[in-house]
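First comes the structure, then the notes that go with it.
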2 protein chains.
Amino acid sequence: MDIPRYRKIQNMLKSKIQQGSYGVGDHLPSENQLCSIFNITRTTARKALEELQKEGFIERIKGKGSIVRERRKSLGLLNVKGFSEAVGRNVSTIFLQEPALRPWITGFPFPLTDSERQSPCIHFERLRTVGEDPVMLENNWFSGKTLPGFLQSGFEEDSFFKTLSKKYMIEIKGSEQELKALPANEKVSRLLKVKPSGPVLQISIRFTTCNPEFFIYSELICNTMKYPIGNRYFL
Amino acid sequence: MDIPRYRKIQNMLKSKIQQGSYGVGDHLPSENQLCSIFNITRTTARKALEELQKEGFIERIKGKGSIVRERRKSLGLLNVKGFSEAVGRNVSTIFLQEPALRPWITGFPFPLTDSERQSPCIHFERLRTVGEDPVMLENNWFSGKTLPGFLQSGFEEDSFFKTLSKKYMIEIKGSEQELKALPANEKVSRLLKVKPSGPVLQISIRFTTCNPEFFIYSELICNTMKYPIGNRYFL
DNA sequence: TAGTGGTCTAGACCACCCT
DNA sequence: GGGTGGTCTAGACCACTAA
């Protein structure tokens, strides 16, 4: 395998947290316990836990241990992950435009690379709802050359990011975001059930991936009145 | 000293970047060079560089080196830092309410601890401008018991966070944020020169510090039309 | 081929927390 | 006092980059 050992352990612990095997406030195995369980050194065990801390799943306290954090109810952790990892369960998604080859839009706040400009992009548009409430209008664009067969096959587990990871081995490495409060235009107002010119939050994101020439561009327009956007950061 | 060696090196490199000794695209010393310069092992050198990467100052590329990143023009890196570290130089600050003991406000999205509720808080309000443009209305609250003498003495280098660090040894360890697009009320509209009910971005933040019982609560209201809020995140 | 960052081992000492 | 995470040493092998 070329997946590092710390990442396997990190992913295993993450699934256990997401599935509820570890609840909020629970202690994960300590560094030394991980060492003996997996036959690794503390450096490797630490790395797995540090990554989980960076992702916001746990808090690490000297003398105490690694403790599962409370996940706030807001549309959280927009930093890197997609929608479904962020909120609870009663989330649904409607495709307004199915994935297809389309020209790049202009006016996006991040510059495209030369190689991206040379050919059209794959684009799709989705409306995300929580219960009965439409909450977010989401557009995604990326170079059409990098993901062969993307238009033919569907999403894995309805998740764009899981599809990238499982089918194309593309992992998100980071993101740049730009936040703007805007008045809703007619379309946004209708779809998100905001009154005309009512305030909506526009989040423009450029995701960087393990392929240094492949970026994903997203624009999220959010009705934050009922579901504010949550966000955590650790040093 | 109780400041770890990797942090000293990290801070030294950070100052050099901020002062321009290392420009965008320049290579920082490699891990091995740092080892021999400072007589440390690679673990320590790596830690210093990894922290700079987390803060968004450098990018680390296998086979190439640690390269100073471009800083975007938007009000960047709101994740953890204050205002002055984010934008360029022509930033000014007006106190609308000087620091004083005041009762806690209600309706803040983060719950206060019992110990915080028991006594009034220190609060101040500032208006931040870039050039001629008022850009952000900032309110800060924190427990009045933890920072003796705060009301008597001024800010170091006009920076709240530097004052915390230098006078009280309080370092920011992380933050939780909540983002909302709101219509401007009369006061905000007047101060930020937004039309009445025009959209503004409200960022509510709870900063966690090295003192686990001391939090700083901030509310930023931003006119994002001309200066969007920028944000970076790395895994 | 030499240099870079990424991963990993096998130890060590420390401050801090809890009992 | 025993366990936890935080820091650090002194090595090693690897994949990747650039000359």
Side-chain angles (χ1 to χ4, degrees), chain A residues 1-13 22 25-54 57-69 169 171 173-174 208-214 234-235, chain B residues 1-13 22 25-54 57-69 169 171 173-174 208-214 234-235:
Chain A
M1 317 274 187
D2 47 352
I3 298 178
R5 312 175 74 164
Y6 77 83
R7 190 160 293 276
K8 290 182 196 166
I9 296 166
Q10 171 196 349
N11 288 336
M12 188 221 78
L13 292 171
Y22 293 111
D26 285 358
H27 286 244
L28 257 47
S30 74
E31 295 178 0
N32 286 316
Q33 284 171 336
L34 289 176
C35 291
S36 46
I37 293 172
F38 295 102
N39 232 347
I40 53 177
T41 54
R42 261 191 75 202
T43 313
T44 308
R46 277 185 69 77
K47 182 79 176 166
L49 293 171
E50 279 167 355
E51 293 293 309
L52 287 171
Q53 183 179 31
K54 271 206 258 180
F57 287 98
I58 61 171
E59 192 174 1
R60 280 156 67 66
I61 302 175
K62 197 196 300 194
K64 287 189 178 172
S66 298
I67 298 162
V68 176
R69 289 191 61 125
M169 314 287 262
E171 301 289 342
K173 293 200 79 171
T208 53
T209 69
C210 55
N211 176 344
E213 289 171 13
F214 182 66
F234 308 94
L235 277 189
Chain B
M1 316 275 188
D2 48 353
I3 298 178
R5 311 176 75 165
Y6 77 83
R7 190 160 293 276
K8 291 183 196 165
I9 294 166
Q10 170 196 352
N11 288 336
M12 188 221 80
L13 292 170
Y22 293 112
D26 285 358
H27 286 245
L28 257 47
S30 74
E31 296 178 358
N32 285 317
Q33 285 170 334
L34 289 176
C35 291
S36 47
I37 294 173
F38 294 103
N39 230 349
I40 53 178
T41 54
R42 258 191 77 201
T43 313
T44 309
R46 275 185 71 76
K47 182 77 175 167
L49 293 171
E50 278 168 355
E51 292 293 309
L52 287 172
Q53 183 180 30
K54 271 205 258 181
F57 286 97
I58 62 171
E59 193 174 0
R60 279 155 67 67
I61 302 175
K62 197 197 300 195
K64 287 191 179 173
S66 298
I67 297 161
V68 176
R69 287 192 62 123
M169 314 288 263
E171 302 288 342
K173 293 200 78 172
T208 53
T209 69
C210 55
N211 176 345
E213 291 172 14
F214 182 66
F234 307 94
L235 278 187

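Just so we're on the same page: letters track the sequence lines, and every chain starts at 1. These numbers were taken from a predicted model, which means no experiment stands behind them. Computed over heavy atoms, backbone and side chain alike; hydrogens, waters and symmetry mates excluded.
In this structure, B/Leu52 atom CG and C/dG5 atom C1' are separated by 15 Å, rounded to whole Å. In this structure, CG of A/Asn211 is placed 14 Å from C1' of D/dC16, rounded to the nearest angstrom. A straight line from NZ of B/Lys8 to P of D/dT7 spans 13 Å, rounded to a whole angstrom. Atom CD of A/Glu59 is separated from atom C1' of D/dG5 by 13 Å (rounded to the nearest Å). The nearest whole Å value for the distance from the CD1 atom in A/Ile67 to the C1' atom in D/dG3 is 13 Å. Here C/dT4 presents its P atom at 14 Å from CD1 of B/Ile58, a figure rounded to the nearest Å. At whole-Å resolution of the value, CG in A/Asn32 and P in D/dG6 are 12 Å apart. Distance, A/Arg5 CZ to C/dT9 C1': 10 Å, rounded to whole Å.
The nearest pair of heavy atoms linking A/Phe214 to A/Thr209 is O-OG1, 2.8 Å. The nearest pair of heavy atoms linking A/Pro29 to A/Leu49 is O-CD1, 4.3 Å.
Proximity of A/Thr44 to the phosphate of C/dT9: a side-chain N or O atom is located under 4.0 Å from OP1 or OP2. OP1 or OP2 of D/dT4 has at least one side-chain nitrogen or oxygen of A/Ser30 nearer than 4.0 Å. In terms of phosphate contacts, A/Tyr6 brings a side-chain nitrogen or oxygen within less than 4.0 Å of OP1 or OP2 of C/dT7. Distances shown here put every side-chain N or O of B/Arg46 at or beyond 4.0 Å from the OP1 or OP2 atom of C/dG5. For D/dG5, the OP1/OP2 oxygens have a side-chain nitrogen or oxygen of A/Ser66 closer than 4.0 Å. Contact annotation: B/Lys64 reaches the phosphate of D/dA18 (side-chain N/O to OP1 or OP2, under 4.0 Å).
Residue-level contact check: A/Ile40 touches the backbone only, with heavy atoms under 4.0 Å from sugar-phosphate atoms and none from bases. Here B/Ile61 lies in heavy-atom contact (under 4.0 Å) with sugar-phosphate atoms only.
Contact check for B/Gln53 versus B/Phe57: no side-chain heavy atoms found under the 4.5 Å cut-off. Under the 4.5 Å side-chain criterion, counting only non-hydrogen atoms from C-beta, A/Lys54 is in contact with B/Lys54.
Between the side chain of A/Arg42 and the base of D/dG6, a donor-acceptor pair under 3.5 Å is found.
Where A/Lys62 and B/Arg60 each meet DNA chain C at their nearest nucleotide, the meeting point lying more 5' is that of B/Arg60. Where A/Thr41 and B/Gly63 meet DNA chain C, the nucleotide closest to each residue was compared, and B/Gly63 sits on the side nearer the 5' end.
With salt bridges taken as basic N to acidic carboxylate O contacts below 4.0 Å, one links A/Glu31 and A/Arg60.
Checking D/dA10, D/dT7, C/dG6 against the side-chain heavy atoms of B/Glu31 singles out C/dG6 as nearest.
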